[in-house]
Amino acid sequence: MDEAPVSLVNVHKRFGALTVLDGVSFDIPKGQTTAIIGPSGTGKSVLLKHIVGLIRPDEGEVRVFGTNMANAPEKAVYAVRKRLGMLFQDGALFDSLSTGENIEFPLRQHHPELSAAERRDRVDEALEMVELPGLYDRPTPALSGGQRKRVGLARAIITRPELILFDEPNSGLDPMTSDAIDALIGHLKETLHVTFVVITHDIVGTINVADHIAMLYQGKLVAWGTRDEVTHADHPIVRRFLGRNLVLPSPDDPRPAALPRID
Ligand SMILES: Nc1ncnc2c1ncn2[C@@H]1O[C@H](COP(=O)(O)OP(=O)(O)OP(=O)(O)O)[C@@H](O)[C@H]1O
Ligand SMILES: [Mg+2]
């Protein structure tokens, strides 16, 4: 099997008295989609920020393309970032830049060999891909929540990265926009053959796009495996978390059905 682009080994992270990650280890398989699930506040976003080198672990290794982000010098961290794209949970757009300039930002940072016209073509293409054609000059503060999310998505893929990290791509979106984002992820998965890591609360949507699922609970990895392995796991926490959201697929129909939400 190909070497895993991301390998977490015994990762520990505390903020003051709060232990957020408590010895997390797993490999993210190359060319596949891994979903990270788990209750709110359980360290999912913190885990992703370790992968991009924005947070360093107190203990353990975070190997990304062979570089240990735990102790890599800034230059090596930068070289890793050039090969990945990230959509932050809150969008993390620069309000002082226009919509197009936000998407263009990683290209300026990592691809100085491209001319201004080449950059503009790439951005226009990305805007079309996320169904916001012609919005290059739109001031970022004027975007709606769903539009911001899509701009974040375009920025995450603009450098054609090998590894794409999406933190809650569907949260806060109406069902139609959310479905459009799922369809876009499916399309990217098929056309780009990249490695995806997606954090999500949207269990049903996730089950459809994920090859592997990692579940975090109270700083520990409580389930890790293929989609089938995890959806059939009998770990009580996994069952409790999935049970509210899923009807297990029958052997004849591998697609899970949604249960009405009871909260
Ligand atoms: N920079 C920080 N300093 C202090 N505490 C932090 C920091 N970043 C995260 N935390 C805390 O770490 C815990 C895990 O946060 P994280 O954002 O990873 O949760 P999450 O699993 O992504 O939750 P959600 O599903 O709500 O997005 C939370 O209690 C959060 O307040
Ligand atoms: Mg989060």
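Sequence positions, counted from 1, serve as the residue numbers for this chain. What you are looking at is a predicted structure, and each value in this text was computed from that prediction instead of being measured. Order of appearance sets the numbers: ligands from 1, and atoms from 1 within every ligand.
Geometrically, ligand 1 and Phe15 share no nitrogen or oxygen pair separated by less than 3.5 Å.
What sits closest to atom 17 (O) of ligand 1 on the protein, heavy atoms only, is Ser45 CB, 3.5 Å. Nearest protein heavy-atom neighbour of atom 27 (O) of ligand 1: Gln89 NE2, 2.9 Å. At the top of the distance list for atom 25 (O) of ligand 1, counting protein heavy atoms only, stands Lys44 NZ, 2.8 Å. Ranking the protein heavy atoms by distance from atom 18 (O) of ligand 1 puts Val46 N, 2.9 Å first. When hydrogens are left out, the protein atom nearest atom 28 (C) of ligand 1 is Gly41 O, 4.1 Å; that is the closest non-hydrogen contact. Closest protein heavy atom to atom 24 (P) of ligand 1: Ser40 OG, 3.6 Å.
Only the side chain of Val20 comes within 4.0 Å of ligand 1, counting heavy atoms alone; its backbone N, CA, C and O stay farther away. The proximity of Leu216 to ligand 1, defined as any non-hydrogen pair under 4.0 Å, does not occur for either the backbone or the side chain.
Distances from atom 30 (C) of ligand 1 to the protein include no heavy-atom value under 4.0 Å. Atom 12 (O) of ligand 1 lies below 4.0 Å from at least one non-hydrogen atom of the protein.
Partner of Ile55 under the side chain to side chain contact (heavy atoms under 4.5 Å, CB included) criterion, out of Val62, Val46, Leu47, Leu48: Val46 alone. When Glu125, Glu101, Glu104 are each tested for a salt bridge (Lys or Arg N to Asp or Glu O under 4.0 Å) with Arg119, only one passes: Glu104.
Numbered from 1 in the order shown, with element, the atoms of ligand 1 that lie under 4.0 Å from a heavy atom of Gly43 read 14 (C), 18 (O), 19 (O), 20 (P), 21 (O).
Below 30°, between 30° and 60°, or above 60°: for Trp224 and His212 the angle between ring planes is below 30°, a parallel geometry.
Using modelled atom types, one finds no donor on one side chain facing an acceptor on the other under 3.5 Å when comparing Gln109 with Tyr78. Between the side chains of Thr140 and Asp95, not a single donor N or O lies within less than 3.5 Å of an accepting N or O.
For Glu74 and Arg56, the salt-bridge test passes: some basic side-chain N is under 4.0 Å from an acidic carboxylate O.
Taking backbone and side chain together, Gln89 holds an N, O or S atom under 2.8 Å from the Mg ion (ligand 2).
The line from CG of Leu87 to CG of Leu165 is 9.5 Å long, rounded to the nearest 0.5 Å.
Contact detail for Val24 and Gly219: the closest heavy-atom pair is CG2-O, 3.4 Å.
When atom types are taken as modelled, the side chain of Asp22 and the backbone of Lys220 share no donor-acceptor pair closer than 3.5 angstrom.
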